[in-house]
Q: 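Below you will find the structure I want to go over with you.
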Amino acid sequence: MVQITQQRASGIWKEPVAGWTAGGLFAAPWTDPPASAKAADAGDLPDHLDLDSDHRNDIAAALGHLLEVRSHCLQAAAAREYYTCRQEYAAALKACEAALFRLHSCEGEAAAALTEWALGVHALIRAQMTMPKDPAAARGLALSALTRLDGKHVPLTAGAEADAEAAARLVRETAELEERLLGLCDRVRQAVDAAEQAVERRLAALNRAVASMRRQHAKALAWAVGWGALNLILMAAAPVNALVLPAVPWSVPFIVALPVLWWATWARPFRDGRLFFGYVTRLRTAAVAAARTAAEGLWQPDERLEAELAPVLDAGLADYQRLRRFCLFRVPEQFDTCWKARAIREGALMRLAGTWLADMIDQAAQPLAEVLETPERIPYITAVRFGPLR
């Protein structure tokens, strides 16, 4: 981190130039300089400069040029337009070079500190101008600027700390923004794949529940039909005996078994402590209840996916707008991924648009939610699917 010496060294100007440049010489659309930032120029310099140096005039002229750098950078930060930004930064570079020309032959701690500051800001401005065309090269220039700006400073050059922080942000934030924007489409695809897999899993679970319900319902029906068939056989034994071999009372066991069957049906527990018809009824109702339970919390995949992707796309758009400011409102094409992500989302929403349908026995497919409202219709579901209602 930047270290600022607290001692007063020779060659330090006592006038308020340090206050004018406290926020650094550099400014950009992404730095958001305060509205109250003063854009001083050489005309604001006092006639008398309290400098303990043999190069008072040269240092004073250099300070005036550095104030011009600050002024041009502030105008570039407020321009919000590519060509105006470049023009202002080009003017700032010229002012910076003029300051370096004045400081070239100067000696002393103040002159050396101002030279390093001017060189660092010059590299930082070049990095900012290079960012729209070559972000990697721009980060290299910003790192070289950071090397010059991040060090010891005299009180006059205290604003170099802010410029060093700006250089570090230019390197760090642009890399992070670019990484997030390059991965935006992949994140959207992952969410889409997860949503489609969730639909497939839900369909598989619903159809397993439907198959189990149909088995249980068929089992209950088989018990009821079997009991009825046995009753018919026992009751038909006496009439058949009267027609076939009436001399032989072979129907007597059947006649005795009939009341025994009725007694066992209504007086003795069949299974699970329930009477026969109670058990059969429980099979049917439990099967219907299991099907309805499996369908609880039914959601529309497109609505759920849209809700999941909304914050992802919003964050991507915010990153893109932020990177536009770093790139002076001309982002390299490879980082313009927001529209691709939106296209992926729209395609997925079209694929997942529809409703949950229940295929019915001898009937057209009907909305599953409507079928579940009437328990007597649930056993007629043969399968569940997701798609448009036709």
Side-chain angles (χ1 to χ4, degrees), residues 1-2 23-33 65-66 68-70 72-101 103 114-151 159-186 316-340:
M1 182 53 69
V2 179
L25 299 177
F26 178 76
W30 50 270
T31 57
D32 295 324
H65 290 307
L66 292 179
E68 290 180 20
V69 172
R70 173 66 171 169
H72 286 299
C73 286
L74 287 174
Q75 293 178 38
R80 298 298 192 267
E81 194 271 321
Y82 177 74
Y83 291 106
T84 304
C85 286
R86 288 191 65 85
Q87 290 174 359
E88 294 295 338
Y89 282 131
L93 286 178
K94 292 180 180 179
C96 203
E97 291 164 1
L100 288 170
F101 177 77
L103 293 169
L114 288 172
T115 300
E116 286 295 308
W117 192 10
L119 288 171
V121 171
H122 190 276
L124 181 54
I125 294 173
R126 288 169 53 213
Q128 179 64 85
M129 296 177 70
T130 308
M131 181 60 67
K133 297 180 179 179
D134 193 343
R139 281 191 285 272
L141 287 170
L143 284 174
S144 65
L146 183 61
T147 302
R148 291 189 176 275
L149 294 169
D150 193 4
E161 182 178 7
D163 290 332
E165 177 61 25
R169 288 177 61 191
L170 185 63
V171 174
R172 181 183 66 253
E173 290 191 36
T174 54
E176 294 173 354
L177 291 171
E178 289 173 5
E179 182 180 3
R180 289 201 294 266
L181 285 171
L182 289 175
L184 179 61
C185 292
D186 291 335
L317 182 58
D319 289 340
Y320 179 73
Q321 295 298 335
R322 180 67 174 165
L323 187 61
R324 282 188 76 241
R325 299 170 73 180
F326 273 99
C327 294
L328 303 181
F329 313 102
R330 276 197 172 185
V331 180
E333 184 179 357
Q334 66 268 27
F335 303 118
D336 187 6
T337 57
C338 293
W339 69 271
K340 298 178 184 178

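Bear in mind that the values here come from a model prediction, so they are computed numbers and not experimental data. Values below: all heavy atoms of this structure, side chains included; hydrogens, waters and symmetry mates excluded.
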Q: Within a strict 4.5 Å, meaning less than it, do heavy atoms of the Pro135 and Thr174 side chains meet?
A: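 Answer no - side chains too far apart.
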Q: Tell me, yes or no, whether the heavy-atom count around Glu179 atom CD, taken from other residues, nucleotides or ligands under 6.0 Å, exceeds 12.
A: no
Q: Are any non-hydrogen side-chain atoms of Phe335 and Cys327 less than 4.5 angstrom apart?
A: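 No, too far: nothing below the 4.5 Å cut-off.
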Q: Determine whether more than 12 heavy atoms belonging to other residues, nucleotides or ligands lie under 6.0 Å from atom CD of Gln334.
A: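 More than 12 within 6.0 Å, yes.
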Q: Under 3.5 Å, is there a donor-acceptor pair between the side chain of Arg325 and the main chain of Pro29?
A: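 At least one qualifying donor-acceptor pair exists.
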Q: Given 3.5 Å as the limit, does a donor-acceptor pair link the side chain of Arg180 with the main chain of Gly316, or not?
A: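 Side chain of Arg180 to backbone of Gly316, a donor-acceptor pair under 3.5 Å: no, none is there.
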Q: Answer whether the closest heavy-atom distance between the side chains of Cys73 and Ile125 falls below 4.5 Å.
A: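 Yes, side chains in contact.
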Q: Where is the tightest heavy-atom contact between Ala118 and Leu66, given as atom of each residue plus distance?
A: CB-CD2, 4.1 Å
Q: Which residues satisfy the salt bridge (Lys or Arg N to Asp or Glu O under 4.0 Å) test with Arg139, sequence neighbours excluded?
A: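 Testing Arg139 for salt bridge (Lys or Arg N to Asp or Glu O under 4.0 Å), a comparison that skips the adjacent residues, returns Glu178.
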Q: Of all residues at least two apart in sequence or in a different chain, which pass the salt bridge (Lys or Arg N to Asp or Glu O under 4.0 Å) check with Arg324?
A: none
Q: Report the residues that fulfil salt bridge (Lys or Arg N to Asp or Glu O under 4.0 Å) with Arg80, sequence neighbours left out, ordered by chain and then residue number.
A: none
Q: State, yes or no, whether a side-chain contact exists between Trp117 and Val121 at a heavy-atom distance under 4.5 Å.
A: yes
Q: Less than 4.5 Å apart, any side-chain heavy atom of Arg126 and any of Leu93?
A: yes
Q: Would you say that Leu141 contacts Thr130 through its side chain, given a criterion of any heavy-atom pair below 4.5 Å between the two side chains?
A: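 Side chain of Leu141 against side chain of Thr130, heavy atoms only: contact under 4.5 Å found.
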Q: With sequence neighbours left out, write down each residue that passes side chain to side chain donor-acceptor pair (under 3.5 Å) with Glu173, or none if nothing qualifies.
A: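 In terms of side chain to side chain donor-acceptor pair (under 3.5 Å), with neighbours along the sequence ignored, Glu173 is linked to Arg169, Arg322.
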Q: Please check this pair: side chain of Thr337 against backbone of Leu181, looking for a donor-acceptor N/O pair closer than 3.5 Å.
A: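 Answer holds: yes.
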Q: My understanding is that only residues two or more places apart in sequence, or in another chain, count here; which of them pass ring-ring contact (aromatic ring centres under 6.0 Å, His included) with Phe326?
A: Trp30
Q: Would you confirm whether Asp150, through its side chain, and Ala164, through its main-chain N or O, come within 3.5 Å as a donor-acceptor pair?
A: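 A pair under 3.5 Å: no.
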Q: So, using salt bridge (Lys or Arg N to Asp or Glu O under 4.0 Å) as the criterion, who are the partners of Asp186 when residues are at least two apart?
A: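 Checked Asp186 against salt bridge (Lys or Arg N to Asp or Glu O under 4.0 Å); matches are Arg189.
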Q: Could you pull out the closest heavy-atom pair between Val69 and Ala92, with the gap in Å?
A: CG2-O, 3.5 Å
